[in-house]
Protein chains: 2
Amino acid sequence: MGYSISQVAEKFDLTAHTIRYYDKEGLLPFIDRSKAGNREFSDSDLEWLKLICCLKNTGMPIKQIKQYIEWCLQGDDTLEVRRQMFIDHRKEVLKQMDDLKENLKTIDYKLELYDSGCSIPLNGNKS
Amino acid sequence: MGYSISQVAEKFDLTAHTIRYYDKEGLLPFIDRSKAGNREFSDSDLEWLKLICCLKNTGMPIKQIKQYIEWCLQGDDTLEVRRQMFIDHRKEVLKQMDDLKENLKTIDYKLELYDSGCSIPLNGNKS
DNA sequence: TTAGCACTTTGAGTTAGCTCTAAGTCAAGT
DNA sequence: ACTTGACTTAGAGCTAACTCAAAGTGCTAA
């Protein structure tokens, strides 16, 4: 039977609109249809969508995800370029984590000032 | 003398356009002007901008940052609401770090598959 | 004094990623 | 047969955050 678009939407905390948008953008070229023309997601499709969400949530643009999907469809000739994409993207994710850690320090510093009851946290007369 | 907009732009890896946009949106109501009408940033202004960039880079919308700036200008009456804002935002940053860690696992798993030379990483015939 | 450059403003345009509407199809329940 | 509800498409609309263009001002150096 497979999953309907609304079941998948619920599972992934997306809307059906968004999933159709991803499909339209070429991110889901492998989804089967029922006789009525409705999308039917298999378990393997859910794995694909999970990866797509992972890439999207780590800041990869839709267009680049689409590029990756196209490489996948092209077969083993693109194995190396796909591997390299993950290596590059991994580096960006690590950068994001570092940046987040740095920014957390700034936030914690501000919180210390607020918690200490100091009303002049930053510059003497405005913060 | 203070810093010109282009000096600040360089320092923060922003464009002068973007800084003017932030100013227009009410994020920089404290910047002084030279006789010629040009913005002159003080060291204290740079601290403000640093905090603004920190909040922006951790996903806070411009409108909410503007709200914070307005609270700051209102004085000590808003100390508690500002403190609470940082507490809430800190929680969101921690959530982002957790999500990033989870997604990194997925990426590392894919990389293992690619590195092991397996051409069928996800679902048997398409990835 | 004139050229050049960095700055100014207003307001329009761009991009990404949705988000929604309209009009319609299909299958199941009463 | 009819209603209900989930699905379909094409395409328009929306929001956030820039990004740029046009027209103009004011300092500085030759």
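The chains referred to below are lettered A, B, ... by the order of the sequence lines, with proteins before strands, and numbering in each begins at 1.
- Computed from coordinates, the Ile62(A) CD1 to dC18(C) P distance equals 5 Å when rounded to whole Å.
- At a threshold of 4.0 angstrom between heavy atoms, the contacts of Ser34(A) with the nucleic acid are absent.
- Per the geometry, NE2 belonging to His17(B) stands 17 Å off P belonging to dG11(C), to the nearest Å.
- Thr15(B) comes within 4.0 angstrom of nothing in the nucleic acid, heavy atoms only.
- Where Pro61(B) and Ala36(B) each meet DNA chain D at their nearest nucleotide, the meeting point lying more 5' is that of Pro61(B).
- Protein atom OH of Tyr21(B) is 15 Å distant from nucleotide atom C1' of dA12(C), rounded to whole Å.
- Across all strands, Arg39(A) comes closer than 4.0 Å only to sugar-phosphate atoms, never to a base (heavy-atom distances).
- The two residues Ile65(B) and Ile52(B) have their closest heavy-atom pair at CD1-O, 3.9 Å.
- Whole-Å rounding puts the Glu25(B) CD to dT19(D) P distance at 14 Å.
- The side chain of Ile5(B) has dT8(C) as its nearest neighbour among dT19(C), dC7(D), dT8(C).
- Under the 30°/60° scheme for interplanar angles, the aromatic rings of Phe86(A) and Tyr68(A) are found to stand perpendicular.
- Residue Glu10(B) qualifies as open at atom CD: its count of foreign heavy atoms under 6.0 Å is 12 or below.
- Put simply, CD1 on Ile31(B) is 15 Å from C1' on dC7(C), counting in whole angstrom units.
- From His89(A), atom NE2 reaches atom CG of Leu104(B) across 9.5 Å, with rounding to the nearest 0.5 Å.
- Computed from coordinates, the Ile19(B) CD1 to dC18(D) P distance equals 11 Å when rounded to whole Å.
- Around the CG atom of Asp98(B), the shell of radius 6.0 Å holds more than 12 heavy atoms that belong to other residues, nucleotides or ligands.
- Among the atoms of the strands shown, none is found under 4.0 Å from any heavy atom of Lys35(B).
- Put simply, CZ on Arg33(A) is 6 Å from P on dT8(D), counting in whole angstrom units.
- When distances are taken from the side chain of Lys56(B) to each of dC18(D), dC7(C), dT19(C), the shortest belongs to dC18(D).
- Rounded to an integer number of Å, the gap from CD of Gln64(B) to C1' of dA16(D) is 14 Å.
- The Lys24(A) side chain lies nearest to dG11(D) when the options are dG11(C), dG11(D), dC20(C).
- Checking dC7(D), dA27(C), dT19(C) against every side-chain atom of Thr18(A), the shortest atom distance belongs to dT19(C).
- Between Gly37(B) and Ser6(A), it is Ser6(A) whose nearest contact on DNA chain D lies nearer the 5' terminus.
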